[in-house]
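As the structure is a prediction and not an experimental result, all values here were calculated from the model. In what follows, every chain begins at residue 1, and chains take the letters A, B, ... in the order their sequences are listed.
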There are 2 protein chains.
Amino acid sequence: MTYCVGMKLDRGLVFMSDTRTNAGVDNISVFRKMFLWEREGERSITLMTAGNLATTQAVVSLLNERAKPAEDRGAPSILEAPSMFQVAKLVGETLREVIAEQSGRTGPQADSPFSATLILGGQVRGGEPRLFMIYPEGNFVEAAEDTPFFQIGETKYGKPILVRAYEPEMSFEDAVKLLMVSFDSTIKANLSVGLPLDLHLYEAEGFRTGRVHRIERDDAFYEMISSGWGEALKSAFKALPPYTLE
Amino acid sequence: MTYCVGMKLDRGLVFMSDTRTNAGVDNISVFRKMFLWEREGERSITLMTAGNLATTQAVVSLLNERAKPAEDRGAPSILEAPSMFQVAKLVGETLREVIAEQSGRTGPQADSPFSATLILGGQVRGGEPRLFMIYPEGNFVEAAEDTPFFQIGETKYGKPILVRAYEPEMSFEDAVKLLMVSFDSTIKANLSVGLPLDLHLYEAEGFRTGRVHRIERDDAFYEMISSGWGEALKSAFKALPPYTLE
């Protein structure tokens, strides 16, 4: 499995992804699930992936190949699309194309479908920062005021705290803290999500890759959040008024 | 879907179940998912069900029929089995029998399998209070020190708080509060779990049904927990030290 969250704040976009991939519990690896593109001063694009690794790697490779300047490239590039909406369309079509190609082959078939779900966010000069969730069918939805964040992968454990503590005006610092709590709740409950975590903080109107950080297994702040949150939850729970049995 | 939790405490067993059943989001009903049997002074048995409603109702009806005193009944009864382990075996066999019978029919077939998972708990004189999770195959596992509670149905949203705040020595009052927080996190995130909730508090060495309560939609304590927990979570979150961007 996987856990990735993309979040839209007043001051920009925040992305966090885990790095664990597994084919059964006895075959665990570390793979990056966050991919960044930029054209400095003009656009920044972040993509996070959940699903079949062969599928998502093929999507990223195709996007990369097509982003390279080459006269005979043919296919349009996410570095040239005129808006984030057009970037989302391109990524969606690429995903659909890869899944169709992999599923349409004759020969051995996998038990699980070659499927994937993506979170795409960024800003192209002339537009606002935008955040999308892209489905295996190639279509997508955009984050808006009422649903200002997207999760993909193992989303359930970490959702309650996001719903309760998210505020659009929160600082990047608080957003990272919130995401760490959400990831920690997930990692504690589900073996298929694991450290290290990748983080990208895109500042609105930056038009370039923002701060990028990898949170490693021994990250002191993560460890403090992980142990501190248990205590904080217990105190919050104790502070609630007691139930009275009739 | 469904959400039920059974919990083993030093002072007894605590059971909570929701009552929502649905066949699609446009077909929602209220059905009891908690069933109690007792032979006063000798045994108390609680069963909670998740899965296909036709399956679980058939299981409960069969258990009820077989529990009635009748000379030609034939099948053994959960009111007569000599231990909770034997009760669990009987319930597991009944579940297996019902699923096999429903799945083996010719004619129209449902898209989803006639499956169900059960939580069974109680005490028979001569033994300790015991708690089991019973699988569609009819086999089962028992709660022990390291895993002192079982969840069935929509388990993920409400698990982090259970893992963090459960303590075997907690009072019934605190256990109910904890379960309400866990149910509230689930109900807020998932339409397929809903109020009212059923509650049974079995006191160890009681050998009779303990306190039973239905928490209705307008329950004042539940409403206070539901709104208070959001605030408590936010305060707990704010109390954690801030992240510092490098």
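- Within a 6.0 Å sphere centred on CG of B:Leu191, other residues, nucleotides and ligands contribute 12 heavy atoms or fewer.
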Donor and acceptor N/O pairs, chain A versus chain B, under 3.5 angstrom:
unit_1	atom_1	unit_2	atom_2	d
A:Glu154	OE1	B:Lys156	NZ	3.3
A:Glu154	OE2	B:Lys156	NZ	2.9
A:Lys156	NZ	B:Glu154	OE1	3.3
A:Lys156	NZ	B:Glu154	OE2	2.9
A:Arg164	NH1	B:Ser226	O	3.4
A:Arg164	NH2	B:Asp184	OD2	2.7
A:Lys177	NZ	B:Phe237	O	2.9
A:Lys177	NZ	B:Leu240	O	2.8
A:Asp184	OD2	B:Arg164	NH2	2.7
A:Ser226	O	B:Arg164	NH1	3.4
A:Phe237	O	B:Lys177	NZ	2.9
A:Leu240	O	B:Lys177	NZ	2.8

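- Counting heavy-atom pairs closer than 4.5 Å to chain A, the top-ranked of the candidates B:Leu201, B:Ile161, B:Ile225, B:Leu178 is B:Leu178.
- For B:Val163, no part sits under 4.5 Å from any heavy atom of chain A, backbone or side chain.
- Listed here is the closest heavy atom pair of B:Leu240 and A:Ala232: CD2-CB, 4.4 Å.
- Proximity to chain B (any heavy atom under 4.5 Å) is shown, for A:Phe237, by both the backbone and the side chain.
- Looking at A:Leu199, the atoms closer than 4.5 Å to chain B (heavy atoms on both sides) all sit in the side chain, from C-beta outward.
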